[in-house]
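Here is the structure we will look at.
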Number of protein chains: 2
Amino acid sequence: MPAHPQTSTAAIVAAGRRLLEERGVDALTMRDVADAVGVRAPSLYKRVRNRSDLFRLVLEDVADELTGVLDAAAISGDPVADLRAMTAAYRGFAHANPVTYTLMMAPQAVPGATARSVRSSATFLNIVAQQAGPRHALPAARTIVAWAHGFITMELAGAFRLGGDVEQAWDFGLGRLLTAIRSPAD
Amino acid sequence: MPAHPQTSTAAIVAAGRRLLEERGVDALTMRDVADAVGVRAPSLYKRVRNRSDLFRLVLEDVADELTGVLDAAAISGDPVADLRAMTAAYRGFAHANPVTYTLMMAPQAVPGATARSVRSSATFLNIVAQQAGPRHALPAARTIVAWAHGFITMELAGAFRLGGDVEQAWDFGLGRLLTAIRSPAD
DNA sequence: TTGCAAGGCTAATATAGTTAGCCTTCACGG
DNA sequence: CCGTGAAGGCTAACTATATTAGCCTTGCAA
């Protein structure tokens with residue numbers, strides 16, 4: 001291996017992720033990323049194919065971290081407690097990474113990124129199955145994830161502008177949902 | 001008024017909206033919009049401040065239409081039927097306008113656009129109140145909207161990749177939610 | 001009839017992403 | 001020890017796009 005590398009793909013991804021959160025998606029330039037890791041913009045192309053590729057790598061990184069956070073949250077053994085812990089961890093992660101969370105879940109996002117989160121789907125699905133019964137596990141899981149994702153997205157977008165307590169709305173929704181998915185006639 | 005205008009703000013907004021849906025957000029250039037309305041790109045600036053402003057106008061247009069669609073759906077007088085009709089209309093609208101719907105609800109979107117939908121919030125809130133009771137109307141409405149928005153967003157993003165019937169998941173979620181928001185102890 | 005402003009246009013500028021092509025550094029085989 | 005080749009920098013150049021500057025024509029209104 002020749003001349004000392006002055007940076008690495010990992011450093012580029014980390015810088016891109018940080019800048020993305022700090023300045024938003026439109027303000028993220030190859031030049032800024034290059035500055036952050038101490039090289040010139042064209043040198044980035046030795047590591048990433050292009051700007052889209054950098055986005056993909058950043059979002060995969062975010063997805064991996066989210067997977068870890070979710071898996072780490074489900075430890076109590078009690079399904080309701082685990083579901084509460086996982087949804088809270090999910091929301092906490094989104095609040096801590098608002099820009100990249102939103103990008104990761106956005107439509108035109110890279111398929112690769114969202115695919116990563118399939119890994120934690122299995123854990124989640126198992127826990128939901130204990131509440132909703134095996135027949136309704138998949139739709140029940142989708143109901144909870146859709147609600148959580150929608151709530152968080154709207155919250156981050158500032159869409160809850162009719163006043164009221166947003167925390168209370170979260171607790172209300174989660175409480176009602178956890179009851180609602182319980183199998184009444186399985 | 002001097003020389004015959006060759007276009008109008010409305011035509012520009014309509015062309016922008018159409019191109020946005022057809023080609024996606026990254027492919028929408030001022031040049032393409034100008035071509036679509038029969039002028040040169042710089043002439044657009046006589047009507048819109050800049051590209052962001054064009055986006056704002058397009059998303060406001062979408063929001064206005066969505067408001068109309070939702071209001072038109074709530075006509076039966078029965079709260080459950082109205083809620084089913086409104087959520088179905090909401091989902092149908094999103095499916096018909098996937099790109100602009102997503103943009104409209106996205107975080108960094110223009111505050112103006114989402115603000116328009118506040119108008120239809122009132123109708124929706126009233127109907128939810130008949131189910132959930134006045135005390136829980138706001139959190140209950142937020143629960144349903146969050147679920148619907150999250151479900152649709154994930155659906156459009158292709159995030160439901162574990163197989164299963166997506167229609168069934170929608171029906172399951174909506175059915176359980178409509179029951180769940182009913183006031184058990186108001 | 002003359003003035004003036006709306007609303008076109010071309011030309012020019014700035015910013016990004018990206019490519020081309022070169023140069024230096026060292027690990028390694030002879 | 002020495003030559004070499006590829007990794008990994010860099011500068012310069014190219015392209016696309018938004019946007020601004022400044023001009024020209026048109027036709028209503030005084």
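Here the CG-CG distance, from A/Leu20 to A/Leu54, works out to 8.5 Å after rounding to the nearest 0.5 Å. For the atom pair A/Leu70 CG and A/Asp82 CG, the distance stands at 11.5 Å (nearest 0.5 Å).
Checking C/dG17, C/dG8, D/dT19 against the side-chain heavy atoms of B/Ala41 singles out D/dT19 as nearest. Picking from C/dG17, D/dC10, C/dG8 the nucleotide with the shortest atom distance to the side chain of A/Arg51 gives C/dG17. With distances taken from any side-chain atom of B/Arg40 to the nucleotides C/dT10, C/dT18, D/dG8, the minimum falls on C/dT10. Taking every side-chain heavy atom of B/Tyr45 into account, D/dA18 is the closest of D/dA18, D/dG8, C/dG8. Of the listed nucleotides (D/dG9, D/dA18, D/dT20), D/dT20 has the atom at the smallest distance from the side chain of B/Pro42. The listed nucleotides are D/dG8, D/dT19, C/dG8; the one nearest the side chain of B/Pro5 is C/dG8. For A/Thr29, taking side-chain heavy atoms from C-beta onward, the closest of the listed nucleotides D/dG9, C/dG8, C/dG17 is C/dG17. Side chain of A/Ser43, nearest nucleotide from D/dC10, C/dG8, D/dA18: D/dC10.
In this pair, B/His149 and A/His149 present their aromatic rings parallel. The plane angle is below 30°, not in the 30 to 60° band. In this pair, A/Phe151 and A/Phe160 present their aromatic rings tilted. The plane angle is within the 30 to 60° band. Using cut-offs of 30° and 60° on the angle between ring planes, the pair A/Phe172 and B/His136 is tilted.
Remark: C1' of C/dG17 and CG of A/Asp53 are 14 Å apart, rounded to the nearest angstrom. Taking atom CG of B/Asn50 as the reference point, atom P of D/dT17 lies 17 Å away to the nearest angstrom. Regarding B/Phe55, its CZ atom lies at a distance of 12 Å from the C1' atom of D/dA18, rounded to whole Å. To the nearest angstrom, P of D/dT19 lies 17 Å from CZ of B/Arg47.
Contact annotation for B/Leu28: backbone-only contact, meaning every heavy-atom pair under 4.0 Å involves sugar-phosphate atoms and none involves a base.
Side-chain nitrogen and oxygen atoms of A/His4 include at least one within less than 4.0 Å of the OP1 or OP2 phosphate oxygen of C/dC26.
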